[in-house]
Amino acid sequence: MSASPLLAGRSLCAGYGDFQALFSIDFEIQTGEVVALIGANGAGKSTLLKTFVGLVPIRDGSMTFCGTNVSKTPAHALVSRGLAMVPEGRRLFRGMSVEDNLKVAADHAGDPAAGSSPWTLERLYDLFPILAERRAQPVENLSGGQQQMVAIGRALMTQPKLLLCDEISLGLAPKVIAEIYEMLPVIRRSGTAILLVEQDVALASRSSDRVYCMLEGRITLTGKSSEVTREEITQAYFGVKHEVG
Ligand code: ATP
């Protein structure tokens with residue numbers, strides 16, 4: 001790995017009350033990279049994302065973003081530094097229109113990634129044309145896939161250098177998932193690195209440069225998505241040797 005990753009977690013530990021959810025996590029993502037994080041239910045993937053965005057405090061270890069130690073930086077300050085999350089379940093502002101959901105995020109925006117132009121409503125509507133058509137609708141009138149587009153758009157309006165996506169395919173039809181995943185390379189080309197938590201291992205692998213697998217709060221595998229084998233993933237995912245044949 002290069003000497004100055006965009007985001008790096010070193011020996012990160014975190015938890016809830018007496019429960020330790022993350023054990024000495026080492027994690028890196030480079031500028032412009034797409035990294036997938038996979039693992040079974042309860043492995044700690046969401047907790048790791050929440051730790052990265054300051055929603056779960058780091059108990060031990062450290063985290064840097066753009067070369068600065070941000071281990072104790074509050075969530076709102078991390079957003080304006082360029083860390084944005086599309087949370088599981090989307091968490092849109094109900095009762096507000098599509099456009100107002102997008103505009104609200106702009107109030108928390110930082111500077112765009114070096115050399116990139118800022119995300120604007122116009123650019124988002126180019127990315128997701130259906131949102132332009134539905135811009136005045138309350139978000140609860142939209143389909144699940146359209147709501148997910150709003151959630152991604154809202155995160156992009158904060159001008160992230162790193163976009164963390166927590167199970168953006170959850171509950172969506174395959175065609176809609178494909179539409180949303182097709183947009184990820186466009187987002188990446190705009191200079192934004194992406195960290196994807198994804199239950200569909202095949203989709204995660206083909207959409208990413210590198211993959212991390214978690215099991216019971218620990219990283220059990222990391223490697224290039226094109227190089228890790230199915231057997232390695234199965235073992236890292238379930239913690240058991242997979243008998244082939
Ligand atoms: P899923 O795919 O089900 O979202 P995950 O890999 O994202 O799973 P986490 O949601 O990070 O896993 O959960 C990791 C562990 O932390 C689980 O044992 C879970 O029960 C526990 N946990 C998560 N959130 C809390 C919380 N707010 N309070 C207490 N324990 C929690």
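Because the structure is a prediction, the values reported are computed rather than measured. Remember, it's 1-based here, ligands and their atoms both numbered in the order they're listed.
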Inset, instruction - Assess whether atom CZ of R91 is packed by more than 12 heavy atoms of other residues, nucleotides or ligands within 6.0 Å. - result: no
Legend entry - Protein non-hydrogen atom below 4.0 angstrom of atom 9 (P) of ligand 1 present: yes
Inset, instruction - Considering the heavy atoms of T47, write down every atom of ligand 1 situated less than 4.0 Å from one of them. - result: 9 (P), 11 (O), 13 (O), 14 (C)
Legend entry - Contact atoms of ligand 1, heavy-atom distance to A43 under 4.0 Å: 5 (P), 6 (O), 12 (O)
Inset, instruction - May I ask you to check whether A21 has an N/O atom sitting below 3.5 Å from an N/O atom of ligand 1? - result: no
Inset, instruction - Please tell me if the side chains of M96 and V139 come closer than 4.5 Å, counting only heavy atoms from C-beta onward. - result: no
Inset, instruction - For the pair R188 and D209, find out whether any cationic side-chain nitrogen is under 4.0 Å from an anionic carboxylate oxygen. - result: yes
Inset, instruction - Note the single closest protein heavy atom to atom 12 (O) of ligand 1, along with its residue, its atom name and the distance in Å. - result: G44 N, 3.2 Å
Inset, instruction - Counting heavy atoms only, name the option from V197, N41, L215 that's nearest to atom 3 (O) of ligand 1. - result: N41
Inset, instruction - Just jot down the ligand 1 atoms closer than 4.0 angstrom to any heavy atom of E88, in number order. - result: 4 (O)
Legend entry - Heavy atoms from other residues, nucleotides or ligands near CD of E216 exceed 12 (cutoff 6.0 Å): no
Inset, instruction - Write out all pairs satisfying ring-ring contact (aromatic ring centres under 6.0 Å, His included) with one or both partners inside residues 52-101, taking only residues at least two apart or from two chains. - result: F27-F52
Inset, instruction - Tell me, please, which residues at least two apart from E198 pass side chain to side chain donor-acceptor pair (under 3.5 Å). - result: S169, Y181
Legend entry - Backbone or side-chain N or O of F19 under 3.5 Å from ligand 1 N or O: no
Inset, instruction - Keeping the roles fixed (side chain from E182, backbone from E179), state whether a donor-acceptor pair exists under 3.5 Å. - result: no
Inset, instruction - Decide whether the shortest distance between a heavy atom of M214 and an atom of ligand 1 is less than 4.0 Å. - result: no
Legend entry - Ionic contact status for E99 with R134, cut-off 4.0 Å: no
Legend entry - Close side-chain approach of L48 and I25, heavy atoms under 4.5 Å: yes
Inset, instruction - Tell me which protein heavy atom sits closest to atom 30 (N) of ligand 1, plus the residue, atom name and distance to 0.1 Å. - result: Y16 CD1, 3.4 Å
Inset, instruction - Ignoring hydrogens, just give me the one of G39, S46, G217 whose non-hydrogen atom is nearest atom 7 (O) of ligand 1. - result: S46
Inset, instruction - Could you find the nearest protein heavy atom to atom 17 (C) of ligand 1 and give me its residue, atom name and distance? - result: G42 O, 3.8 Å
Legend entry - Pairwise side-chain contact, R10 with D26, heavy-atom cut-off 4.5 Å (strictly under): yes
Legend entry - Per-atom contacts of ligand 1 with Q199, taking only distances under 4.0 Å to non-hydrogen atoms: 2 (O)
Legend entry - Any protein heavy atom nearer than 4.0 Å to atom 14 (C) of ligand 1: yes
Inset, instruction - For A40 and ligand 1, answer yes if some heavy atom of the residue is under 4.0 Å from a ligand atom, otherwise no. - result: yes
Legend entry - K50 touching ligand 1 at heavy-atom level, < 4.0 angstrom: no
